[in-house]
Amino acid sequence: MVKGFWPRTLREALEIRASQSVVPYAGGTDLMVQGRRDAAYLFLGRLPELREITADAETIHIGAAATFAEALKSEFVPPILREAVSHIAAPAIRNAGTFGGNLGNGAGKADSVPVFLAADAKLRIVSAGGERMVRVQDFYLGYRKLDLGEDELIAEIILPRHGLEHYFYEKVGGRNALAISRVSFAGIFAAEKGRIEKLAAAFGAVYGMPLRFPDLEGMLLGKTVEEAGERKGEFLDAYAKRLSPLLLPDRVSVTYRIAVCTRLLGAFLDKFGIVGAGEDEAG
Ligand SMILES: Cc1cc2nc3c(=O)[nH]c(=O)nc-3n(C[C@H](O)[C@H](O)[C@H](O)COP(=O)(O)OP(=O)(O)OC[C@H]3O[C@@H](n4cnc5c(N)ncnc54)[C@H](O)[C@@H]3O)c2cc1C
């Protein structure tokens with residue numbers, strides 16, 4: 001029989017987390033597959049504090065135990081996240097799977113996380129002793145290594161309310177059993193007075209954790225789209241070089257998977273008029 005605790009409030013959950021060796025359990029869609037029979041679970045699904053999706057003038061707050069299906073019904077969830085969520089599995093998984101679980105599982109193939117990375121989202125992490133904020137970019141310390149203490153829980157994901165309107169999201173190969181490579185990509189673009197202010201590009205399912213490289217994005221920041229177009233080839237090459245030592249050989253070659261990544265990145269730039277020499281705007 002599965003051993004577990006069913007706290008009624010977040011405070012009670014955090015007290016149990018601090019005093020017992022427990023595994024947080026939200027929707028269970030990852031944990032059930034892992035089948036850890038020896039674990040004592042801390043069930044989070046009934047905690048109202050973790051399920052709300054709210055917004056104020058500047059930020060959107062998504063409770064860690066809000067399900068993907070609930071997010072699709074919320075007026076506050078921005079289109080880029082809505083699109084990513086709508087590509088996650090089938091309705092049964094979306095009814096149970098949560099954002100906290102997608103992050104807490106620590107996998108590179110978590111489809112909501114590239115959106116959080118590109119959006120510069122933050123996590124509110126709580127424990128019986130207090131709370132702290134962590135950028136999603138800093139939450140991933142390495143393969144299945146997260147900045148999350150044994151006594152802590154992810155309480156909510158906080159996204160900016162503005163600046164996510166111009167985006168590009170694509171998931172390749174995820175649902176087709178014959179598609180042997182799978183990559184998800186989230187890009188967010190913003191320009192101010194004709195200059196590129198934000199060009200965030202995040203990849204999922206290419207490495208043991210979702211990836212974003214702010215230093216490479218810096219190559220095009222502050223440029224006009226025409227100037228960025230002139231550096232587009234160099235920009236795509238820099239990503240290919242950065243990704244190639246990270247990608248592990250899958251059932252398809254690293255070369256093929258890098259080509260998929262750079263094609264998605266190129267399509268993101270195309271969408272916002274960043275076209276290289278010799279390319280026309282229609283691609
Ligand atoms: C058939 C199938 C298809 C799937 N397809 C996809 C897909 O297309 N895209 C995708 O991204 N994922 C997919 N998944 C994986 C899974 O559904 C997601 O990762 C989901 O977000 C997990 O959420 P959960 O609430 O079920 O997590 P759980 O299984 O409850 O937990 C997962 C991990 O997160 C930890 N955790 C949960 N909540 C918290 C919290 N608040 N604080 C700290 N740690 C926490 C748990 O301890 C555990 O380690 C699929 C899974 C299945 C079984």
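Numbering of ligands and ligand atoms starts at 1, following listing order. Computed from a predicted model, the values in this text were never measured in an experiment.
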What about the rings of Phe43 and Phe5, do their centers lie closer together than 6.0 Å?
->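 Between Phe5 and Phe43, which both carry aromatic rings, the centre distance is not below 6.0 Å.
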Which ligand 1 atoms, with their elements, are less than 4.0 angstrom from a heavy-atom of [X]?
X: Gly27; value: 24 (P), 25 (O), 26 (O), 30 (O)
X: Phe68; value: 20 (C), 21 (O)
X: Tyr25; value: 30 (O)
X: Val33; value: 53 (C)
X: Leu148; value: 43 (C)
X: Ala64; value: 41 (N)
X: Ala110; value: 11 (O)

Heavy atom under 4.0 Å from ligand 1: found in [X]'s side chain, backbone, both, or neither?
X: Arg144; answer: neither
X: Leu50; answer: neither
X: Leu44; answer: side chain

Among all protein heavy atoms, pick out the one at the shortest distance from [atom]; state its residue, atom name and that distance to 0.1 Å.
atom: atom 12 (N) of ligand 1; answer: Asn102 ND2, 3.8 Å
atom: atom 13 (C) of ligand 1; answer: Ile88 CG2, 4.3 Å
atom: atom 50 (C) of ligand 1; answer: Ile93 CG2, 4.2 Å
atom: atom 4 (C) of ligand 1; answer: Ala89 CB, 3.7 Å
atom: atom 7 (C) of ligand 1; answer: Asp111 OD2, 3.5 Å
atom: atom 16 (C) of ligand 1; answer: Thr29 OG1, 3.2 Å
atom: atom 46 (C) of ligand 1; answer: Pro24 O, 3.0 Å
atom: atom 27 (O) of ligand 1; answer: Gly101 CA, 3.3 Å

Is [X] near ligand 1, meaning one of its heavy atoms is under 4.0 Å from it?
X: Lys171; value: yes
X: Lys109; value: yes
X: Phe99; value: no
X: Glu156; value: no
X: Ala65; value: no

Please lay out, stage by stage, how Gln137 and Asp120 fare under the test side-chain hydrogen bond (donor to acceptor under 3.5 Å, both in side chains).
-> CA-CA 7 Å; Gln137 178 87 28; Asp120 293 310; over 6 Å; no
Selection residues 105-115 - residue pairs positive for salt bridge (charged side-chain N to carboxylate O under 4.0 Å, His left out), sequence neighbours left out =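 Salt bridge (charged side-chain N to carboxylate O under 4.0 Å, His left out) check on residues 105-115 returns Asp111-Lys171, Asp111-Arg182.
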Geometric N/O contact [X] with ligand 1, under 3.5 angstrom:
X: Met32; value: no
X: Asp30; value: yes
X: Ile154; value: yes
X: Gly28; value: yes

To the nearest 0.5 Å, tell me how far Leu123 CG sits from Leu153 CG.
->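 So the CG of Leu123 and the CG of Leu153 are separated by 12.5 Å.
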Less than 4.0 Å between a side-chain N and a carboxylate O, is that true for Glu58 and Arg161?
->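 No, Arg161 and Glu58 are not salt-bridged.
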Are Arg51 and Glu70 close enough for a salt bridge, meaning some N to O gap below 4.0 Å?
->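 Glu70 and Arg51: salt-bridged.
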